[in-house]
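A quick write-up on the structure given underneath.
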Amino acid sequence: MLLSRLARVSQEVAATSARSRKIALLAGLFREAEADDVPIVIPYLAGRLPQGRIGVGWKVLSRPVAPAAEASLTVRQVDALLTTLGKVSGPGSQAERARLVGELLGASTEDEQRFLFGLLTGEVRQGALDAVAVEGLAEATGAPSADVRRAVMLAGSLQSVAGALLSDGPGALERFRLTVGRPVLPMLAHSASSVAEAVEKLGACAVEEKLDGIRVQVHRDGDTVRVHTRTLDDITGRLPEVTSAARELPGERFILDGEVISFDDDGRPRSFQETAGRVGSRVDVAAAAREVPVSPVFFDVLSVGGRDLLDLPFSGRHAELARLVPEPMRVRRAVVSGPGDLGAAEEFLAETLKRGHEGVVVKGLDAPYSAGRRGASWLKVKPVHTLDLVVLAAEWGHGRRTGKLSNLHLGARTADGGFAMLGKTFKGMTDTMLAWQTERLRELAVEESGYVVTVRPELVVEIAYDGLQRSTRYPAGVTLRFARVIRYREDKRPEEADSVESLLAAHPEVRP
DNA sequence: TTCCGACAGTGGGGTCGCAAT
DNA sequence: ATTGCGACCCCACTATCGGAA
């Protein structure tokens with residue numbers, strides 16, 4: 001199959017807003033693909049490379065290359081070249097990668113270049129990713145989409161399911177069962193604004209502490225232990241503490257779901273930055289582990305002794321977890337009978353925050369483990385802080401925000417009467433607010449350079465954030481975590497905005 | 001007919017590792 | 001040694017489609 005065919009279909013998919021039409025377009029292409037093309041075509045149209053990320057980003061792709069007049073590249077040729085590209089390393093590798101990218105783009109037409117750019121940067125922006133591709137695959141093969149979806153979640157991979165389906169038909173889905181040693185997409189949580197709201201929605205539930213670390217899925221099959229992240233990357237080699245802990249548990253075959261986090265000598269959780277830095281260290285793991293030891297803390301079990309527990313209610317899975325994992329290695333929790341028992345849930349949240357954790361996850365006791373879904377039965381609750389800050393500048397948006405000032409630079413008052421930038425945010429605005437702020441900020445503009453418009457510091461905006469963290473990038477030495485806009489405060493003058501001093505006073509645990 | 005679940009898009013900060021400077 | 005880039009951790013929120021209620 002020619003790359004130009006994919007590029008055209010991707011454009012058509014992007015051009016329609018109807019999901020059903022997107023699915024039909026993808027299905028048509030999947031039907032057309034030859035067997036050898038399938039493992040390439042399907043991930044490409046889901047916006048991903050079969051090789052995963054290959055070290056080519058925006059920078060290298062931005063060097064202009066004259067496009068070819070005629071489309072000639074096949075998807076298999078592209079795939080072979082990208083496989084080669086992904087293996088380039090060592091001195092001179094950047095030049096070699098640039099050369100290969102140039103070769104690829106030079107052989108591509110303008111449309112193909114656009115498609116490759118999206119594919120390699122991981123931003124196809126066609127309004128269809130994995131989920132829509134799964135539907136397309138179901139339509140192309142005649143398999144029930146719920147079954148295809150479930151197989152993809154259990155396989156942790158769209159490609160393998162697609163290959164099996166297109167070569168062996170719908171019967172192949174049977175092969176994708178929960179298997180120890182093969183990671184499955186983890187269940188995720190929605191947010192709730194309060195414990196009361198969460199308990200109201202869920203009724204009888206468990207309120208569990210939410211640890212601010214790295215999500216892990218741990219598989220043990222005899223002496224073999226594997227540890228995977230939320231996106232199923234294998235990080236076994238970086239976490240010797242986790243493998244040894246798993247080997248000491250009284251079970252030979254199991255799959256556990258939990259969090260890895262570092263505690264200090266007093267048993268308080270270290271900051272996310274410290275835990276993440278440790279888990280990210282690959283070169284000298286032993287030294288990193290001495291410096292910042294981590295602990296696994298589990299909250300769910302998906303499989304034990306060869307039994308698939310996914311469809312068991314959470315209460316049943318937790319009973320299995322308690323049999324397998326000793327209490328210190330499980331998250332703390334309180335079981336609540338329903339809204340009548342709200343006091344106990346709120347008390348548990350307060351205790352959890354006092355212990356230094358980020359919040360709680362409220363989980364319905366009846367719910368199965370919905371692999372790969374953001375299940376409505378898991379609701380996280382975290383305290384939200386707010387500040388009144390001043391807009392110092394704004395950046396022109398991309399994609400659907402093209403032509404709108406989108407990303408705001410946020411400042412707090414300083415002692416000398418000026419403002420210190422604390423970070424940026426693009427979250428929380430409606431289209432109406434986006435249009436309004438574009439107009440308003442244009443009136444306040446004093447300078448435009450590149451995509452940044454600097455404004456007079458006069459507009460006050462109320463910002464929600466999850467916490468303060470250290471920063472080497474911003475002048476106050478701190479930055480906001482997960483900042484988002486709540487509303488503009490035209491009733492407030494910039495002199496009334498919050499100051500760096502008061503912000504630091506509100507977060508005594510964080511020092512610049 | 002209205003409501004709501006699921007998705008995609010729009011990007012944020014930090015840290016590590018690697019290659020280039 | 002320092003800098004720039006890419007990958008990958010954490011993530012909130014809105015708009016939209018289409019099936020459920």
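We name chains A, B, ... by the order of the sequence lines, and we start the count at 1 in each one.
Using a 4.0 Å heavy-atom cutoff across all strands shown, A/K380 reaches sugar-phosphate atoms only and no base atom. Counting non-hydrogen atoms under 4.0 angstrom, A/A464 reaches nothing in the nucleic acid. Across all strands, A/K210 comes closer than 4.0 Å only to sugar-phosphate atoms, never to a base (heavy-atom distances). Among the atoms of the strands shown, none is found under 4.0 Å from any heavy atom of A/V485. Among the heavy atoms of the strands lying under 4.0 Å from A/Q126 are primed sugar atoms or P, OP1, OP2 only; no base atom is included. Among the heavy atoms of the strands lying under 4.0 Å from A/D431 are primed sugar atoms or P, OP1, OP2 only; no base atom is included. Counting any heavy atom pair closer than 4.0 Å across all strands shown, A/G52 reaches no nucleic acid atom. Residue A/T425 is out of contact with every strand shown, counting any heavy-atom pair closer than 4.0 Å. Residue A/V279 is out of contact with every strand shown, counting any heavy-atom pair closer than 4.0 Å. Residue-level contact check: A/A276 touches neither bases nor backbone, having no heavy atom under 4.0 Å from any strand. Across all strands shown, A/T275 has no heavy atoms under 4.0 Å from either base or sugar-phosphate atoms.
Taking atom CG of residue A/L61 and atom P of nucleotide C/dG6, one finds them 8 Å apart after rounding to whole Å. The CZ-C1' distance, from A/R230 to C/dC8, rounds to 11 Å in whole Å. One can place CD1 of A/I54 at 8 Å from P of C/dA7, the figure rounded to the nearest angstrom. Here B/dG13 presents its C1' atom at 13 Å from CG of A/D466, a figure rounded to the nearest Å. Atom pair A/F482:CZ and B/dG14:P shows a separation of 11 Å (rounding to whole Å applied). Between the CD1 atom of A/I214 and the C1' atom of C/dC8 there is a distance of 9 Å, given to the nearest Å. Put simply, CD1 on A/I235 is 7 Å from P on C/dC9, counting in whole angstrom units. Separating the CE atom of A/M187 from the P atom of B/dA6 is a distance of 10 Å, rounded to the nearest angstrom.
Close to B/dG11, at under 4.0 Å from its OP1 or OP2, lies a side-chain N or O of A/H398. Phosphate proximity of B/dA8 to A/K22: absent, as no side-chain N or O sits under 4.0 Å from OP1 or OP2. Side-chain N/O atoms of A/R473 include one lying less than 4.0 angstrom from OP1 or OP2 on B/dG14. For the OP1/OP2 pair of C/dC5 and a distance below 4.0 Å, the side-chain nitrogens and oxygens of A/K59 include at least one atom meeting the criterion. Residue A/R481 places none of its side-chain N or O atoms closer than 4.0 Å to OP1 or OP2 of B/dG13. The side chain of A/T472 contributes no N or O atom lying less than 4.0 Å from OP1 or OP2 of B/dG14. Contact annotation: A/Q273 reaches the phosphate of B/dT15 (side-chain N/O to OP1 or OP2, under 4.0 Å). Remark: A/R53 is in phosphate contact with C/dA7, judged by side-chain N or O atoms under 4.0 Å from OP1 or OP2. Between A/S17 and C/dC17 there is a side-chain N or O to OP1 or OP2 distance below 4.0 Å. Applying the 4.0 Å criterion to OP1 and OP2 of C/dG19, one finds that A/R19 has every side-chain N and O outside that range.
In this structure the side chain of A/Y369 reaches within 4.5 angstrom of the side chain of A/D257, judged on heavy atoms.
Sequence order on DNA chain C of the closest nucleotides to A/R401 and A/A18 puts A/R401 first from the 5' end. Mapping A/G375 and A/S471 onto DNA chain B via the closest heavy atom, the residue that lands nearer the 5' end is A/G375. Residue order along DNA chain B, read from the 5' end via each residue's closest nucleotide, puts A/M421 first among A/M421 and A/S93.
Among the nucleotides B/dG14, B/dT10, B/dA6, the one closest to any side-chain atom of A/R149 is B/dA6.
A salt bridge between A/D300 and A/R215 is absent, with no side-chain N of the basic residue lying under 4.0 Å from a carboxylate O of the acidic one. At a threshold of 4.0 Å, the pair A/E135-A/R149 does not count as salt-bridged, since none of the basic side-chain nitrogens sits closer than that to a carboxylate oxygen. We find that A/E209 and A/R355 are joined by a salt bridge, their nearest charged nitrogen and carboxylate oxygen being less than 4.0 Å apart.
In this structure, A/K363 is positioned above the aromatic face of A/F299, its NZ or CZ under 6.0 Å from the six-membered ring centre and within 45° of the axis.
If you check B/dC7 for Watson-Crick or wobble pairing at under 3.5 angstrom, you find it has no partner at all.
Side-chain atoms of A/T275 and A/R270 form no donor-acceptor pair, as typed in the model, at a separation below 3.5 Å.
When A/H357, A/Q273, A/R481 are each tested for a side chain to side chain donor-acceptor pair (under 3.5 Å) with A/D212, only one passes: A/R481.
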